[in-house]
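Protein chains get the first letters and strands the later ones, always in sequence-line order, with residue 1 at the start of each.
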Amino acid sequence: MDKIFQPANIETRWYEEWEAKGYFAPQGGEKAYSIMIPPPNVTGSLHMGHGFQEAIMDALIRYHRMAGYNTLWQVGTDHAGIATQMVVERQLEAEGVSRHDLGREKFIEKVWDWKEESGGTITRQLRRLGSSLDWSRERFTMDPGLSSAVQEVFIELYREGLIYRGQRLVNWDPALHTAISDLEVVSEEENGFLWHFRYPLANGEGHLTVATTRPETMLGDSAVAVHPDDERYQNLIGQMIELPLTGRQIPIIADDYVDMAFGTGCVKITPAHDFNDYEMGKRHDLEMINILDDDAAIGSAAPEAYRGLDRFEARKRIVADFDALGLLDKIDDHKLKVPRGDRSGVIIEPYLTNQWYVDAKKLAIPAITAVEDGDIQFVPKQWENTYFAWMRDIQDWCISRQLWWGHRIPAWYDDEGNIYVGDSEEAVRQAHALEDTVALRQDEDVLDTWFSSALWTFSTLGWPEKTEDLDIFHPSSVLVTGFDIIFFWVARMIMMTLHFRKEVPFHTVYVHGLVRDAEGQKMSKSKGNVIDPIDLIDGIDLPSLLTKRTTGMMQPQLAKKVEKSTKKQFPDGIDSYGTDALRFTYYSLASTGRDIKFDIGRIEGYKNFCNKIWNATRYVLMNCENEDCGTDESATVNLSLADRWIISTLQETEDAVAQAIANYRFDHASQALYEFVWNEYCDWYLELSKPVLWDDNASEAAKRGTRRTLIRVLETSLRLLHPFMPFITEEIWQTVGPLAGKSGPTIMLQPYPVSDDKGIDNAANADIEWLKGVIVGIRNIRGEMNISPALELTVLMKNGSNLDKTRLEQNRQFLKKLAKLEEVKWLSEDDEVPVSATALVGSLEILVPMAGLIDKDAELGRLAKEIDKLQKDLSRLEGKLNNPSFVEKAPAEVVAKEKEKMLAQEQALAKLREQELRIRDM
RNA sequence: AGGACUAUAGCUCAGUUGGUUAGAGCGCUACCUUGACAUGGUAGAGGUCCCCAGUUCGAAUCUGGGUAGUCCUACCA
């Protein structure tokens with residue numbers, strides 16, 4: 001074995017082997033466990049959020065697979081309508097071609113080409129993370145099976161009246177030329193203006209002043225509204241306004257939506273271009289004047305002078321025209337929320353169009369109940385509130401998109417505007433007995449990507465066919481996802497699945513936090529703080545990292561800044577840490593309900609942990625290979641105190657890990673493992689094994705016992721660690737497994753260790769605690785007194801109990817080796833006590849004679865520190881016990897415990913004071 | 001506007017139903033290449049548990065009120 005662990009040498013090799021041998025496929029087991037991967041964009045690439053999410057899922061999957069469940073991790077990718085179409089359109093743009101030049105069919109071919117070309121990236125990267133996904137079942141949201149599921153669902157919901165077509169105001173993206181759902185609109189506060197316009201009364205007797213943030217929409221005004229109780233305007237209600245620039249007259253109406261305190265208390269109403277105005281327009285039966293076209297330029301319904309102007313150009317012109325007419329009252333600075341498309345980034349227009357909707361209110365009812373009743377549980381639980389809040393006020397879901405890439409809506413129209421929904425044109429003709437002479441054309445639109453994602457848990461298992469997989473693996477066990485898509489995806493999955501399967505899609509939703517950079521900033525290309533998980537695995541040099549971060553930026557002017565901060569943070573690029581270290585870092589940071597700041601220091605530490613495991617293994621193998629490790633059960637085996645203790649501690653660790661996984665506390669699991677392997681097994685047990693293995697006088701049965709324990713505990717630890725660190729554990733297990741009497745082709749399919757109470761040995765635990773106390777006491781003297789570590793000491797003990805004496809006899813060899821002692825002597829009452837440095841373990845005094853070793857002042861200093869600490873503690877205890885209400889009201893065992901503590905502290909203090917005097921007199 | 005979350009060592013974070021001397025990793029200091037590992041070992045320093053009040057014998061933990069930060073939802077022209 002190499003002296004240092006080299007992850008690069010093993011990871012890909014093992015992954016290929018696992019995949020080739022089919023270990024990822026479900027195999028047997030009575031109970032099923034399944035997770036459906038949140039399908040990443042097919043043409044996307046891996047980011048830190050994926051890495052985190054996949055690591056969590058893989059740990060759960062590997063754990064349950066080893067625990068004997070029939071385990072499925074369903075893999076697949078999403079066609080990501082808008083995102084993917086945009087990428088391809090941009091590529092065409094670079095060639096000077098638009099999608100319309102190509103035509104629908106050719107364009108879609110191009111998208112499929114792009115999918116073939118780039119679709120392997122994300123799946124390759126998932127493999128690098130060690131994700132044990134069943135690739136033999138890989139699905140794609142637009143493959144034939146899933147497409148037919150989508151079609152089936154659409155047709156059925158339409159038949160039930162839960163999907164309908166209607167003309168309404170939608171969020172229109174003028175750049176992408178499509179409607180988008182409420183969720184795809186992101187509103188952020190921006191600086192703008194509030195323009196005050198004078199609207200003359202039609203009777204020529206003065207004017208009203210309205211305030212607006214969108215002057216251009218005045219071309220579509222169909223009323224001015226005031227509050228019905230507003231005394232200023234009572235006499236004007238019902239009168240007409242002469243709307244400037246348009247030659248139209250509009251009424252003044254009263255509606256209590258108007259806030260009297262805001263602006264002038266008069267609101268211009270544009271029903272076709274504002275959601276609130278739209279509602280008011282419906283209430284008052286106002287005219288809906290659509291003044292825009294698909295580009296959000298001024299359209300044909302507007303006065304000729306403005307037609308064809310871009311919306312922002314029109315705004316300038318209209319403000320100028322009002323000014324020229326003397327009707328511009330004033331312009332105030334104003335902060336307002338500006339709605340932008342989450343993909344295009346352009347300002348969204350409320351726009352009147354025909355779209356398809358899902359009646360979400362009806363579907364939401366059982367979806368709310370399922371969570372209320374606990375059929376679905378969120379972890380952490382507080383996300384249920386978020387879910388309820390949204391679901392109880394859910395709006396109908398606009399599912400049609402004016403795109404080409406996606407599932408085309410299975411609806412046909414005749415020339416009279418009748419709608420026919422069905423599997424195909426032929427099916428529709430047949431169902432409705434339509435002659436060939438009736439011309440039909442299919443709806444041009446496609447469905448929102450989330451429509452197909454909503455079916456993910458059951459469509460991937462073969463639905464609408466009745467499949468065995470559906471019986472076995474549905475509902476799935478847990479959904480692992482980020483809070484950002486609870487509405488987009490989780491809620492809709494619950495609604496659709498309950499409706500079509502009459503069962504929940506999953507029993508648990510584990511909601512993880514967002515991965516941020518070391519400063520807590522969201523990672524984004526424009527900030528240039530994105531870390532690619534693959535770069536953490538393989539490492540990357542500075543020039544490559546700089547290139548990566550500065551190419552393809554939306555705002556190239558930021559490149560200099562990004563370059564500077566990158567150079568500062570990673571002056572030498574990023575080291576290679578390997579997948580296991582990366583994964584372990586994710587687990588260690590995965591406490592619930594909290595975003596994680598990704599700190600490069602952590603991953604460094606876990607790389608060292610891998611190396612520690614590696615080297616511990618080297619030590620074990622050195623001592624166990626070609627030796628008798630007790631696999632032959634007939635040979636006698638003597639277990640030392642240390643053997644029994646480490647076995648006992650292992651049981652506790654197994655229990656802690658199982659608990660942690662059951663509670664989705666991966667941070668606790670990783671910490672328990674780290675602590676056991678490093679602080680107990682390596683720091684203490686390996687050291688304690690040396691006195692036995694290197695002792696020529698030790699019996700063969702004792703050596704056999706220690707070797708057996710060494711190798712078995714290591715082998716068990718590897719299995720315990722495997723769900724978290726799949727590669728290093730597999731690599732090592734191949735050698736260690738057989739020595740521990742295990743056989744099998746892979747650790748992946750070995751049973752997961754289960755804690756056994758029979759292994760718990762409290763006596764051994766207590767004895768080792770004692771031993772550790774003595775050793776640490778002596779080491780402390782050594783360290784504080786600057787005694788050379790090379791020097792073997794003679795140590796004296798006095799004033800111990802019989803138990804102390806027994807323990808000393810049992811542990812003499814351990815003690816001598818670990819504390820580096822020449823000799824340990826027990827002093828009787830009458831023996832003269834040389835001047836010594838002292839440590840206390842309970843009432844036992846451990847003395848290190850000072851002659852020639854220790855300087856007086858140093859020891860006095862050390863004692864003073866100890867005494868000070870004890871005194872502080874003691875006065876706290878005294879205060880507590882002198883408080884009558886504590887003694888009366890606190891539980892008896894608490895009081896007893898405190899008393900016991902105080903007694904011990906008092907004795908210790910007395911001894912240290914004695915010691916102090918003795919040293920002074922030296 | 002409504003709601004959620006967060007505040008503990010220099011940094012990143014744990015801390016069960018209130019009962020500890022408040023912990024870990026990284027960083028820091030000193031010493032050490034001892035036959036698994038210097039990606040290591042040993043010892044050590046370092047905390048007003050954001051602030052105020054309350055409940056309690058006892059509060060990092062429970063309650064109320066602040067302060068600071070992050071986020072979500074809705075939105076007034």
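- Stacking between A:Trp694 and B:rG35 is shown: the ring centroid lies under 5.5 Å from the centre of the six-membered base ring, and the planes differ by under 30°.
- The nearest whole Å value for the distance from the CZ atom in A:Phe487 to the P atom in B:rA74 is 8 Å.
- In this structure, A:Arg583 fails the cation-pi test against A:Tyr586, since its NZ or CZ atom is not both closer than 6.0 Å to the six-membered ring centre and inside 45 degrees of the ring normal.
- The P atoms of B:rA77 and B:rU6 are separated by 33 Å, rounded to the nearest whole Å.
- Look at B:rG46: it lacks any Watson-Crick or wobble partner with both distances under 3.5 angstrom.
- The CZ-P distance, from A:Arg876 to B:rG19, rounds to 13 Å in whole Å.
- For the pair A:Arg707 and A:Trp694, the cation-pi test (distance below 6.0 Å, angle within 45°) is failed.
- In the set B:rC57, B:rC75, B:rU21, the nucleotide with an atom closest to the side chain of A:Asn276 is B:rC75.
- Of all nucleotides listed (B:rA38, B:rU70, B:rC57), B:rC57 comes nearest to the side chain of A:Ser885.
- The nucleotide B:rA60 finds no pairing partner, because no Watson-Crick or G-U wobble arrangement with both distances shorter than 3.5 Å includes it.
- The separation between A:Phe666 atom CZ and B:rG25 atom C1' is 20 Å, rounded to whole Å.
- Of all nucleotides listed (B:rA36, B:rC57, B:rC37), B:rC37 comes nearest to the side chain of A:Lys3.
- With A:Asp580 contributing its side chain and A:Phe724 its backbone, the two residues share no donor-acceptor pair below 3.5 Å.
- Between A:Glu675 and A:Glu687, the one whose closest nucleotide on RNA chain B sits nearer the 5' end is A:Glu675.
- Side-chain N/O atoms of A:Asn780 and A:Arg862 include a donor and acceptor closer than 3.5 Å.
- Pairing for B:rU17 is absent, judged as Watson-Crick or G-U wobble with the two contacts each under 3.5 Å.
- Distance CD (A:Glu680) to P (B:rG41): 14 Å, rounded to an integer number of Å.
- The side chain of A:Arg779 lies closest to B:rA43 when the candidates are B:rA43, B:rG19, B:rC31.
- Pairing partner, B:rG27: none, since no Watson-Crick or wobble contact has both distances short of 3.5 Å.
- Distances were taken from every side-chain heavy atom of A:Lys889 (C-beta onward) to each of B:rG41, B:rC37, B:rC57; the shortest belongs to B:rC57.
- Distance from the side chain of A:His668 is smallest to B:rA14 among B:rA14, B:rA77, B:rU21.
- A ring pair (Phe, Tyr, Trp, His ring centres under 6.0 Å) with A:Trp383 is found for exactly one of A:Trp390, A:Phe483, A:Phe388, namely A:Phe483.
- Straight-line distance between the C1' atoms of B:rA53 and B:rG47: roughly 23 Å, to the nearest whole Å.
- Using modelled atom types, one finds no donor on one side chain facing an acceptor on the other under 3.5 Å when comparing A:His227 with A:Asp256.
- Applying the 4.0 Å criterion to OP1 and OP2 of B:rG35, one finds that A:Lys817 has every side-chain N and O outside that range.
- In this structure, the nucleotide among B:rC31, B:rG19, B:rA36 sitting nearest to the side chain of A:Ala890 is B:rG19.
- Taking the P atoms as reference points, B:rG27 lies 37 Å from B:rG18, given to the whole Å.
- Between A:Trp614 and A:Phe5, the distance separating the two ring centers is shorter than 6.0 angstrom.
- With rounding to whole Å, A:Asn679 atom CG is found 13 Å from B:rG41 atom C1'.
- You'll find that the side chain of A:Val776 is closest to B:rA43, out of B:rG15, B:rG19, B:rA43.
- When Watson-Crick and G-U wobble pairs are counted only if both distances are under 3.5 Å, B:rG69 pairs with B:rC5.
- In this structure, A:Trp614 does not reach the B:rG40 phosphate: none of its side-chain N or O atoms is under 4.0 Å from OP1 or OP2.
- Distance, A:Arg602 CZ to B:rU39 C1': 17 Å, rounded to whole Å.
- If you take CZ of A:Phe609 and C1' of B:rU39, they are 13 Å apart, rounded to a whole angstrom.
- Taking only side-chain atoms of A:Lys337, from C-beta outward, the nucleotide of B:rC75, B:rG35, B:rC37 with the closest atom is B:rC75.
- Of the listed nucleotides (B:rA77, B:rG25, B:rG19), B:rG25 has the atom at the smallest distance from the side chain of A:Tyr674.
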